[in-house]
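For reference, the structure discussed in these notes is given below.
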Amino acid sequence: MLRYLTAGESHGEALIGIIEGMPAGVPLTAEAINEHLARRWLGYGRGGRSKIENDRVHIYSGVRFSKTLGSPIAFRLENAAYRKDRSGWPEVMAVEGTGEDVEKVTLPRPGHADLVGTQKYGFDDIRPVIDRSSARETAMRVACCSVARHLLRHFGIEVGSHVVQLGEVGYASPDAWNERTQSLLDAGGARAVYEAADESDVRMLDPDLTAEAVEHIKATKKEGDSLGGVYEVIVTGVPPGLGSYVQWDRRLDGRLAQAILSIQAQKAVEVGDGVRGAARPGSQVHDPIVEEEGTFRRRTNNAGGIEGGISTGMPVIVRGYMKPIPTLIKPLDTVDIATGEAQPTRYERSDVTSVPAASTVAEATVAFVLANAFLEKFGGDHFDEMRRHVDGGRDA
Ligand code: EPS
């Protein structure tokens, strides 16, 4: 089983991650991970921090001569913001000392972890909550999960995503983008989808919607506000039989939903046409089964590639819904935790939207879940052993 842990504060020295459970002998380089770290910074609407960071992972263990060893893989990612001249972060985030001279943050932002986190851990300063609950953590998550993603790639499984709604700008319904994604999937699987989305300033496949979304972000920025949105993650090359209906925590759809909702600011998940399907009669929802060239197929894929918590062999499709970022320029009502006085929130550097970034983080977390389900079925201690298991499974 694959598992990973991340550590690090947004304005601390660095982010640290460990992923364990990779078979030995899998080709892996830092460059393969850095590619996805760079993609996480894509998207119009990011704030000043995007000009400071240049995320490049340093691998400390678990890889030798560009191949995994089966041992834990340890990563480090620098926070360039910490090292920036006169940033003040080394003092604010000092590991030792009393912090007497450091100004406390006492105005919790509505919608953020600020208030609940401060209450839960008994702080009189919101800074530690801000720094660990920050989506900066997703940089290390992407690094760890990209290892899983590369394992899948060796078995022809690709994960891609595109944004389908940004604030109020979006497609009328999935029918409006399905044709576009289908032609990309036919041409090059989910990889073709993410590569096409990466060309757009907001990771939307439609150029007109891209232009509209950029204008929407600009106008929202002027208002001092923030935007959420929706993205779709598609996985191609998934063999049938991953996950199971026999126990709640083995259901693939449930595991994917948890992975998406574990990403900061995600509030809802949809598998296949889940939301639309809830309003339709069953005869219009369930994918008819047909026999083609000696195998079973579904004529449609409303189920998003999962039936009974098990992959069907059709593309896996999940959508994530992100709320607007809770750090706004426009003040919101709050209460000072030091004095109990009603106050407006204070301006802090932030992004207007990070839906395009969230879509790439979702790709990574979805890859992690699928790689785990893949290892459960076809796992081995070495890459070659896995390949034998996969070949055997294919024959079966
Ligand atoms: C974030 C606030 C911003 C974002 C950050 C997440 O950082 P800062 O407060 O330093 O301007 O840029 O995202 C990242 C640093 C990143 O790597 O994605 C927040 O409060 O969640």
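For ligands, and for the atoms within them, numbers begin at 1 and follow the listed sequence.
- Scanning all protein heavy atoms for the shortest distance to atom 4 (C) of ligand 1 gives Asp351 OD2, 3.4 Å.
- Ala135 N, 3.0 Å is the protein heavy atom nearest to atom 21 (O) of ligand 1.
- At least one N or O atom of Arg136 sits closer than 3.5 Å to an N or O atom of ligand 1.
- Taking the ring centre of Tyr60 as origin, the terminal cationic atom of Arg76 falls outside the region bounded by 6.0 Å and 45° from the ring axis.
- Between the choices Arg109, Glu137, Arg46, Arg49, the shortest heavy-atom distance to atom 13 (O) of ligand 1 belongs to Arg46.
- Ser10 OG to Trp89 CH2: the interatomic distance, rounded to the nearest 0.5 Å, is 7.5 Å.
- Ligand 1 has no N or O atom lying under 3.5 Å from any N or O atom of Ala139, backbone or side chain.
- Using a cutoff of 4.0 Å between basic side-chain nitrogens and carboxylate oxygens, Asp287 and Arg299 are not scored as salt-bridged.
- Rounding to the nearest 0.5 Å gives a distance of 8.0 Å between CG of Leu205 and OG1 of Thr210.
- Scanning all protein heavy atoms for the shortest distance to atom 6 (C) of ligand 1 gives Ser134 OG, 3.4 Å.
- The option from His11, Glu53, His112, Arg40 that lies nearest to atom 17 (O) of ligand 1, judged by heavy atoms, is Arg40.
- Residue contacts with ligand 1, taken as heavy atom pairs separated by less than 4.0 Å, do not involve Asp55 at all.
- Within the 4.0 angstrom cut-off, atom 15 (C) of ligand 1 has one or more protein heavy-atom neighbours.
- Looking at Arg297 and Ile289, their side chains never come closer than 4.5 Å, going by heavy atoms from C-beta outward.
- For the residue pair Asp206 / Trp177, no side-chain donor-acceptor distance below 3.5 Å is found, with atom types taken as modelled.
- Near Arg349, meaning under 4.0 Å from any of its heavy atoms, are these atoms of ligand 1: 8 (P), 9 (O), 10 (O), 11 (O).
- Remark: the Tyr231 side chain and the Gln266 side chain contain an N/O donor-acceptor pair separated by less than 3.5 Å.
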